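What follows is a single structure, written as structure tokens, with notes after it.
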Protein chains: 2
Amino acid sequence: MTGPAPSLRDRKKQRTRVLLHETALRLFLQRGFDAVTLDELGEAAEVSRRTFFRYFAAKDAVALAAETELWDAYLHRLADREWRGSVLAALRDSLTDTVRAMGDEWLRRFLATRGLIARTPALRAASDAAGIRTQDRIADVLDTALGGERDLRVRLLAELTLAAWRCAAREWVRGDKRPAGRAKVDGLVRHLDDAFDALPAALGLTAPARDAAGPAAASAGAASRRR
Amino acid sequence: MTGPAPSLRDRKKQRTRVLLHETALRLFLQRGFDAVTLDELGEAAEVSRRTFFRYFAAKDAVALAAETELWDAYLHRLADREWRGSVLAALRDSLTDTVRAMGDEWLRRFLATRGLIARTPALRAASDAAGIRTQDRIADVLDTALGGERDLRVRLLAELTLAAWRCAAREWVRGDKRPAGRAKVDGLVRHLDDAFDALPAALGLTAPARDAAGPAAASAGAASRRR
DNA sequence: CTCCAAAATGCCTCTCAATGGCACTTTACC
DNA sequence: GGTAAAGTGCCATTGAGAGGCATTTTGGAG
């Protein structure tokens with residue numbers, strides 16, 4: 001992919017975008033998303049608020065940019081892949097492949113983003129809403145790839161993919177913070193695998209029998225019980 | 001449930017709340033959610049903006065009130081039920097039972113709400129985010145009811161319930177608008193049944209074989225293919 | 001290199017949702 | 001009837017978000 005070299009204009013724009021994003025993450029982490037105004041962010045990045053809005057659609061968009069990059073990369077990978085065999089397995093593999101392919105620099109920003117989401121209701125809501133828009137996009141790619149019929153199962157698969165993601169991300173953020181770098185990514189991938197693996201068993205989960213003294217009567221299946 | 005009779009204070013508050021909600025739906029439907037300011041809504045309902053915020057946490061909350069009622073009723077039903085057998089079936093039955101139990105007056109408001117959501121990005125986002133908070137609440141109820149262990153399958157079941165809901169609601173809004181009253185509710189219930197029914201088949205969906213000329217090679221399963 | 005047009009930026013004004021303090025009004029209860 | 005608590009309205013403020021337009025920067029042709 002050797003296009004024309006980026007112009008000075010393009011380089012400057014990219015630098016401004018990165019500067020806004022990094023500055024935002026730093027300030028939001030220091031003082032909290034809600035406590036940092038866009039005037040302050042612009043001052044710190046030496047960019048006007050007007051310009052900020054030329055780069056990001058909203059305040060929350062700059063905080064969630066690393067997550068957006070992941071979904072964009074994932075959607076791109078889905079659009080490019082060959083489809084054969086189990087669709088869910090393809091959705092799963094593409095997601096874990098995408099996560100693995102994101103770089104260390106992205107990982108640092110993504111961890112910061114997850115931390116902000118965990119402590120900021122407005123960011124959680126924005127991230128959740130964006131996730132559901134991602135589901136729409138996944139369903140669109142699948143409709144196109146699988147033959148253009150509007151199939152309820154396709155829609156559900158998009159839902160299941162993000163369901164697994166949300167469960168995995170939730171556990172990941174909760175988990176041990178000590179691993180760094182690649183081990184962090186591996187942890188996320190493991191949680192994703194656990195979540196996708198647990199889908200069939202979840203469908204079959206039954207309530208404990210009323211007279212059982214413990215969990216012995218719980219559904220036997222792929223054991224995803226918390227260890 | 002015969003508690004003490006509501007006081008004049010309580011009755012007036014309830015009337016104000018209903019008035020705000022109904023007035024908001026009317027104005028939002030006439031002119032669009034974004035075009036109606038809270039000053040205008042307050043003027044029309046003869047309530048100050050300050051008071052509006054004593055009843056609703058945000059502008060979108062008044063627009064989504066009917067949906068909130070549904071989820072509150074559903075969560076209440078889940079908290080009250082006996083748990084035995086398949087958890088997913090229980091989640092499903094409780095949801096369809098709840099929908100059926102909501103009254104005609106609620107149905108009218110709920111239809112208006114769905115219409116607003118369909119045409120207002122901000123409301124769609126707010127509704128989606130609220131849906132995911134509902135998933136959290138479902139998972140909490142399930143954790144309590146099933147023995148208090150944090151089980152990934154439980155979390156996934158909450159996800160699957162809202163997944164089916166979103167798919168069903170989407171098809172429902174798209175569908176024939178001519179049925180009224182109970183037939184509208186039956187339509188929603190039917191879409192919910194279809195969506196829950198399609199979950200196992202979705203897990204097993206495979207891509208069409210590359211040399212197949214048509215969908216003949218698609219996964220044979222519970223056929224939820226669009227008709 | 002110069003010039004001009006296009007693109008990017010900053011300044012400014014405005015709107016409106018949201019927040020919150022406090023004075024005033026209404027209701028409940030003794 | 002009097003008083004305290006609850007409810008309401010008025011007012012001021014903040015900050016995200018929108019958009020117009022002047023100014024600055026960059027690209028490209030001659």
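Each chain gets a letter, A, B and so on, in the order its sequence line appears, and its residues count up from 1. This structure is a prediction, so every number in the text was calculated from the model and none was measured.
At the phosphate of C:dT9, OP1 or OP2 sits under 4.0 Å from a side-chain N or O atom of A:Tyr55.
Under 4.0 Å is where a charged nitrogen must lie from a carboxylate oxygen, and between A:Arg153 and B:Asp194 no such pair does. At a threshold of 4.0 Å, the pair B:Asp136-B:Arg155 counts as salt-bridged, since one of the basic side-chain nitrogens sits closer than that to a carboxylate oxygen.
Contact annotation for A:Phe56: no contact, since no heavy-atom pair falls under 4.0 Å across all strands.
Residues passing the side-chain hydrogen bond (donor to acceptor under 3.5 Å, both in side chains) test with A:Arg11: none are found, sequence neighbours excluded. Every residue meeting the side-chain contact (heavy atoms from CB on, under 4.5 Å) condition with A:Ala130, not counting sequence neighbours, appears here in chain and number order: A:Arg133. When the side-chain contact (heavy atoms from CB on, under 4.5 Å) test is applied to B:Arg92, the partners found at least two apart in sequence or on another chain are B:Asp193, B:Phe196, B:Asp197. Scanning for side-chain contact (heavy atoms from CB on, under 4.5 Å) contacts around A:Ser94 gives A:Tyr74, A:Arg77, A:Leu78, A:Arg81, with sequence neighbours left out. Scanning for side-chain hydrogen bond (donor to acceptor under 3.5 Å, both in side chains) contacts around B:Thr51 gives B:Ser48, with sequence neighbours left out. A:Asp34 is linked by a side-chain contact (heavy atoms from CB on, under 4.5 Å) to A:Thr120, counting only residues two or more places apart in sequence or in another chain. Under the side-chain hydrogen bond (donor to acceptor under 3.5 Å, both in side chains) criterion, A:Arg54 pairs with no residue at all, not counting sequence neighbours.
Of the residues near DNA chain C, B:Ala57 and B:Arg11, the one whose nearest nucleotide (by heavy atom distance) lies more toward the 5' end is B:Ala57.
We find that NZ of B:Lys59 is positioned 9 Å from P of C:dC16, with the value rounded to whole Å. Note: NZ (B:Lys12) to C1' (C:dT27) measures 9 Å, nearest angstrom. Note: CG (B:Asp10) to C1' (C:dT26) measures 14 Å, nearest angstrom. Here the P atom of nucleotide C:dC11 and the CZ atom of A:Phe52 are 17 Å apart, to the nearest Å. Between the P atom of C:dT26 and the CG atom of B:Leu8 lies a distance of 12 Å, rounded to the nearest Å.
Taking a 4.0 Å limit (strictly below) on heavy-atom distances, residues 31-50 of chain A reaches DNA chain D at A:Val36, A:Thr37, A:Leu38, A:Arg49, A:Arg50. Less than 4.0 Å separates DNA chain C from no heavy atom of any residue of residues 115-130 of chain B.
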Under 3.5 Å, which donor-acceptor pairs do the side chains of residues 61-70 of chain B form with other protein atoms, sequence neighbours left out?
unit_1	atom_1	unit_2	atom_2	d
B:Glu67	OE1	B:Ser127	OG	2.6
B:Glu67	OE2	B:Arg114	NH1	2.9
B:Thr68	OG1	B:Leu64	O	3.2
B:Glu69	OE1	B:Arg109	NH2	2.9
B:Glu69	OE2	B:Arg109	NH1	2.9
B:Glu69	OE2	B:Arg109	NH2	3.4

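Side-chain contact between A:Asp186 and A:Arg190: absent, with no pair of heavy atoms (C-beta onward) separated by less than 4.5 Å.
Aromatic pair A:Trp165/A:Trp71: centroids less than 6.0 angstrom apart.
B:Lys59 places no side-chain N or O within donor-acceptor distance of the main-chain N or O of B:Thr37, the cut-off being under 3.5 Å.
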Annotated protein contacts, base or backbone, on nucleotides 2-7 of chain C with a non-hydrogen cut-off under 4.0 Å, one of B, S, - each: ----BB

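Running 5' to 3' along DNA chain D, contacts with non-hydrogen atoms of chain A at under 4.0 Å begin and end at D:dG15 to D:dG27.
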